[in-house]
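Structure first, commentary second.
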Amino acid sequence: MIRNLNLLYFSATDTTKKVIKSIAKGFNEDAKEYDITLPENRMNSLNFKENEIIIIGVPVYAGRVPEFLSEYFLEKIHGNNTYAVFIVVYGNRAYDDALLELKDIFENNGFIGVAGGAFIGEHSYTERLATGRPDDGDLNIAYKFGKDISEKINNIGTFTQKLKVKGNYPYRKGMVYEPVMIDTDESCINCGICSMHCPTGAIDKYDNKSIDIFKCIRCCSCIKRCPVNAKDINYDPHKKFLIEFISKYSSVRQEPELFSTY
Ligand SMILES: Cc1cc2nc3c(=O)[nH]c(=O)nc-3n(C[C@H](O)[C@H](O)[C@H](O)COP(=O)(O)O)c2cc1C
């Protein structure tokens with residue numbers, strides 16, 4: 001059976017997107033792309049058929065699938081024995097139970113897991129953790145993974161084994177969102193880049209200094225994209241936490257981990 005390729009990803013700071021695109025390149029076929037990073041792209045329900053395959057990618061937030069995404073997936077994304085590849089991207093600390101959770105969500109919604117992987121992306125909070133990743137080595141692994149999955153699907157056709165990935169039950173306790181302000185200093189030029197890319201529509205598009213802290217998920221897209229470095233989290237406990245965090249998790253380079261049913 002010929003399977004049409006689909007990509008579905010959330011990527012606030014573009015690292016997940018890079019990994020998913022490289023895996024897709026390995027398939028060497030046209031893909032239909034659903035970038036669900038912006039809120040307007042998460043409005044519609046999507047139903048995938050049996051003759052399709054989908055590569056799904058999310059960043060790891062607190063060792064889990066970002067909570068607002070798991071709710072969206074369960075409600076709006078459905079398959080019909082659709083083959084799926086599950087990808088999580090994390091910032092060199094750990095991916096804990098995120099890959100297992102992603103697999104469970106989609107397998108409960110009509111998808112059949114054929115492969116999964118955990119990749120590493122520069123940490124949203126700081127350029128000093130997993131700096132510049134995914135790098136060429138990571139993207140090459142992603143490309144070969146895609147090529148391998150595509151060949152296996154074409155050669156084997158039907159998979160009888162159930163996909164197993166790393167992770168534990170009960171899942172790690174998720175993130176508790178305490179509203180923390182993203183500060184904007186006087187250098188802000190109100191260019192609109194931050195509000196245009198904000199995944200929850202938390203930044204006012206006419207006044208880019210105005211942020212709804214109850215909508216903000218601290219994905220750091222605005223901080224990383226600001227052309228004049230006007231945004232930061234200046235909250236002291238966060239700064240202190242970051243210093244300890246960087247010294248704890250920057251010495252070991254984590255490597256991609258891959259799982260498959262074949
Ligand atoms: C709120 C939040 C929580 C995060 N939690 C983790 C984590 O538990 N483990 C980890 O290694 N990285 C964690 N990260 C880092 C991201 O998973 C990582 O930077 C990822 O590459 C971001 O993907 P994106 O560029 O597609 O948005 C977290 C980032 C954010 C914003």
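Each ligand, and each atom within it, is numbered from 1 in the order the structure gives.
Only backbone heavy atoms of C219 (N, CA, C or O) come within less than 4.0 Å of ligand 1; its side chain stays farther off. Under 4.0 angstrom from ligand 1, the non-hydrogen atoms of R218 all belong to its backbone. Of all the heavy atoms of I120, none lies under 4.0 Å from any atom of ligand 1, so neither backbone nor side chain is involved. Both the backbone and the side chain of S11 come within 4.0 Å of ligand 1, counting heavy atoms alone.
Under a 4.0 angstrom heavy-atom cut-off, G63 registers as being in contact with ligand 1. Residue-ligand proximity: Y125 is placed with a non-hydrogen atom under 4.0 Å from ligand 1.
Considering each of I217, V60, V58, T16, the one bringing a non-hydrogen atom nearest atom 28 (C) of ligand 1 is V60. Nearest-residue assignment for atom 12 (N) of ligand 1 (options G91, C220, P59; heavy-atom criterion): G91. When Y61, F119, Y90 are checked for heavy-atom proximity to atom 30 (C) of ligand 1, Y61 turns out nearest.
Residue pairs meeting the ring-ring contact (aromatic ring centres under 6.0 Å, His included) criterion with at least one member in residues 99-139, sequence neighbours excluded: F73-F106, F106-F111, H123-Y125, H123-F245, Y125-H238.
Two residues are said to be in side-chain contact when any heavy atoms from C-beta on lie closer than 4.5 Å; R3 and T82 fail this criterion.
The residues R133 and D138 are annotated as salt-bridged, a charged nitrogen and a carboxylate oxygen being separated by less than 4.0 angstrom. Ion pairing between D232 and K239 holds under the 4.0 Å rule for side-chain N and carboxylate O.
Remark: ligand 1 and A94 share an N or O pair separated by less than 3.5 Å (distance only, no angle test).
Taking the ring axis of Y171 as reference, the NZ or CZ atom of R64 does not stay both within 45° of it and closer than 6.0 Å to the ring centre.
Against a heavy-atom cut-off of under 4.0 Å, T15 is close to the following atoms of ligand 1: 20 (C), 21 (O), 22 (C), 23 (O), 24 (P), 25 (O), 26 (O).
Partners of K17 according to the side chain to side chain contact (heavy atoms under 4.5 Å, CB included) rule, which considers only residues two or more places apart in sequence or in another chain, are Y9, S11, D14, K21, D35.
Taking the six-membered ring where tryptophan is involved, the planes of F10 and F68 are perpendicular, since the angle between them exceeds 60° and thus also 30°.
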